[in-house]
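The figures here come from the full heavy-atom set of this structure, side chains too, leaving out hydrogens, waters and symmetry mates. Throughout, a chain's letter reflects where its sequence line sits, starting with A, and its residues are numbered from 1.
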Number of protein chains: 2
Amino acid sequence: MIVNILMLTLTNTVRLVSDPMTTNNPGGTGRGSNAPSRREQILSAAAELFARYGFHGVGIDDIGAAVGISGPALYRHFRSKDAMLGEMLTGISERLLHGGRARTVNAGDPLTALEALVAWHVEFALTNSALITVHLRDLDSLTEPDRHRVRELQRGYVEVWVDTLRRCRPGTAEHTARASAHAVLGLINSTPHSALLDTARMSELLHRMAMNALLADHEDGHGTR
Amino acid sequence: MIVNILMLTLTNTVRLVSDPMTTNNPGGTGRGSNAPSRREQILSAAAELFARYGFHGVGIDDIGAAVGISGPALYRHFRSKDAMLGEMLTGISERLLHGGRARTVNAGDPLTALEALVAWHVEFALTNSALITVHLRDLDSLTEPDRHRVRELQRGYVEVWVDTLRRCRPGTAEHTARASAHAVLGLINSTPHSALLDTARMSELLHRMAMNALLADHEDGHGTR
DNA sequence: CCAGTGTGTTAATGATCGTTAACATCCTGA
DNA sequence: TCAGGATGTTAACGATCATTAACACACTGG
């Protein structure tokens with residue numbers, strides 16, 4: 001108790017001790033275990049529910065039931081319902097940004113960088129469709145600080161796309177590149193609404209459509225054939 | 001009162017009299033006036049709010065305040081908050097479907113039909129970005145019958161796309177065409193998140209990207225130039 | 001002139017839901 | 001062995017919010 005008060009009077013961002021409310025260690029009490037921790041179980045279940053019914057459409061009891069505990073027990077793991085959404089969306093945004101950065105710096109020419117970026121986002125969207133849905137839908141259910149953080153990360157990710165695009169097509173205006181990036185992300189993120197093909201075929205289709213949308217070169221609306 | 005009871009005992013879908021709760025006449029009491037009726041004012045304001053904060057994030061008082069009246073007065077115009085969302089989303093879905101059908105039947109060859117379809121959706125999305133956002137986000141906040149209706153209309157609209165696509169590229173599997181349609185709709189519907197270019201430039205960009213995504217012809221990921 | 005309809009207002013109601021309190025249990029480490 | 005932390009449980013609290021009640025008032029058509 002006294003320790004908690006001291007922590008709060010110092011600063012929120014500095015962690016004096018490992019606090020189960022804010023750390024993400026796998027395996028609970030087990031030492032080397034990499035089984036998903038309770039927090040991760042909960043976040044994953046919550047993501048599915050949020051994706052299907054929306055953040056405000058899901059009750060705390062629903063989330064509890066989904067992991068076999070009931071209701072208020074969740075407060076042993078998260079400070080609040082808002083905190084769950086916050087961790088979920090900052091998590092996905094960080095993963096996207098870092099993954100995108102990693103794939104583009106390890107690529108030689110701009111075109112393979114773009115290719116890698118598309119492949120990365122396609123794979124991510126297909127693997128985490130629930131997260132994508134929540135990310136698109138419940139961004140504004142976040143508390144102000146979390147929303148700010150997520151927006152920052154998003155901006156950074158789009159920046160990666162913009163830079164890569166402009167290296168592929170020098171002379172493209174920044175606004176144009178940004179709009180193109182948003183459009184292609186929208187294309188790829190459509191996969192949660194679709195889910196008609198098996199993963200391999202879907203991946204290939206999205207990849208090809210994305211590249212064509214970005215690079216196919218003709219000026220008027222329809223091609224010559 | 002007695003009349004209402006009689007109406008309910010008969011059937012819900014048959015309208016015995018013109019009921020302000022379910023009709024959409026413009027101009028209120030004015031006869032030929034085509035100024036937006038109160039209902040339309042309210043729906044439009046509600047659409048903006050729903051787009052920004054989500055259906056559950058907007059209170060009935062907020063909607064009232066947005067049109068200058070306060071709270072429960074809305075119940076003079078709509079049966080419930082759910083009914084507002086219902087009318088809003090069935091409305092947009094019907095407009096999309098009918099507009100899409102109209103543009104494709106009036107086109108000669110498949111390619112110009114597709115072109116017209118793309119142009120139609122781009123124009124619609126740019127003109128009604130709030131509605132698009134709500135449509136993508138709050139579909140599952142609908143009551144069951146409304147959701148069913150909207151899903152039906154959506155299915156029909158996608159069907160128009162699928163048919164047009166398959167006439168452009170015979171031999172395309174239906175599943176593939178459907179997935180492509182969803183992807184391109186996702187691309188075009190990205191415009192509410194973007195809004196960086198002026199309408200003309202944005203329209204042209206989305207149009208070109210959509211056509212390239214659908215028609216550009218090469219098999220592997222990157223083009224030959 | 002005046003019934004009635006359309007349109008508003010504010011106050012109460014009732015349900016839902018996030019959060020906290022109070023209490024129980026199991027497991028671990030000194 | 002046993003103190004204490006981690007993790008649950010159920011019951012209460014409090015806020016929010018859609019909906020309804022009760023009332024007011026302009027306007028219009030007979």
Side-chain angles (χ1 to χ4, degrees), chain A residues 1-4 17-31 33 35-42 45-46 49-50 53-86 138 141-143, chain B residues 1-4 17-31 33 35-42 45-46 49-50 53-86 138 141-143:
Chain A
M1 267 308 176
I2 294 173
V3 174
N4 269 335
V17 295
S18 170
D19 178 1
M21 225 60 159
T22 51
T23 51
N24 215 357
N25 287 348
T29 57
R31 272 159 291 283
S33 156
S37 73
R38 209 73 221 261
R39 313 187 86 242
E40 292 170 55
Q41 268 185 62
I42 294 169
L49 288 172
F50 290 167
Y53 305 105
F55 179 69
H56 291 290
V58 175
I60 216 74
D61 291 331
D62 302 324
I63 305 174
V67 296
I69 67 183
S70 254
L74 295 170
Y75 287 79
R76 301 293 171 190
H77 304 276
F78 293 92
R79 208 179 337 273
S80 68
K81 192 190 173 196
D82 289 321
M84 289 186 217
L85 185 66
D138 290 313
S141 300
L142 287 170
T143 63
Chain B
M1 267 309 177
I2 294 172
V3 174
N4 270 333
V17 295
S18 169
D19 177 2
M21 224 60 158
T22 50
T23 51
N24 215 358
N25 287 347
T29 57
R31 273 159 289 284
S33 156
S37 73
R38 210 71 222 264
R39 314 187 85 244
E40 293 172 55
Q41 271 185 60
I42 293 170
L49 289 172
F50 290 167
Y53 304 106
F55 179 69
H56 291 289
V58 174
I60 216 74
D61 292 331
D62 302 324
I63 305 173
V67 296
I69 66 184
S70 253
L74 295 171
Y75 287 80
R76 300 294 171 191
H77 304 276
F78 293 92
R79 209 183 332 276
S80 68
K81 193 189 173 197
D82 289 321
M84 290 188 216
L85 186 65
D138 288 313
S141 300
L142 288 169
T143 62

Task: Mutual orientation of the aromatic rings belonging to B:His56 and A:His56 [parallel < 30°, tilted 30-60°, perpendicular > 60°] - done: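 Plane angle between 30° and 60°, so tilted.
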Between [X] ([atom1]) and [N] ([atom2]), how many Å, whole number?
| X | N | atom1 | atom2 | answer |
| --- | --- | --- | --- | --- |
| B:Asp62 | D:dT16 | CG | P | 13 Å |
| A:Arg39 | D:dA6 | CZ | P | 13 Å |
| B:His77 | C:dT7 | NE2 | P | 6 Å |
| B:Ile63 | D:dC17 | CD1 | P | 12 Å |
| A:Ile69 | D:dT9 | CD1 | P | 6 Å |

Under 3.5 Å between N/O atoms: give me all the protein pairs with nucleotides 13-15 of chain D, atom names plus distance.
none

Task: Aromatic A:Tyr75 / basic A:Lys81 pairing, under 6.0 angstrom, 45° off normal - done: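 No, A:Lys81 does not sit over the ring of A:Tyr75.
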Task: Under 4.0 Å protein heavy-atom contacts per nucleotide of nucleotides 11-26 of chain C, with B for base, S for backbone only and - for none - done: B------SBB-BB---
With rounding to the nearest 0.5 angstrom, report the [atom1] to [atom2] distance, [X] to [Y].
| X | Y | atom1 | atom2 | answer |
| --- | --- | --- | --- | --- |
| B:Leu85 | B:Thr143 | CG | OG1 | 8.5 Å |
| B:Ile42 | B:Ile63 | CD1 | CD1 | 9.0 Å |
| A:His77 | A:Glu40 | NE2 | CD | 12.5 Å |
| B:Arg39 | B:Met84 | CZ | CE | 9.5 Å |

Task: Shortest non-hydrogen contact from A:Asp82 toward A:Phe55 - done: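 A:Asp82 and A:Phe55 have their closest heavy atoms at OD1-CZ, 3.7 Å.
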Task: Results of side-chain contact (heavy atoms from CB on, under 4.5 Å) for B:Ser70 - residues two or more places apart only - done: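 If we apply the side-chain contact (heavy atoms from CB on, under 4.5 Å) test to B:Ser70, skipping adjacent residues, there are no hits.
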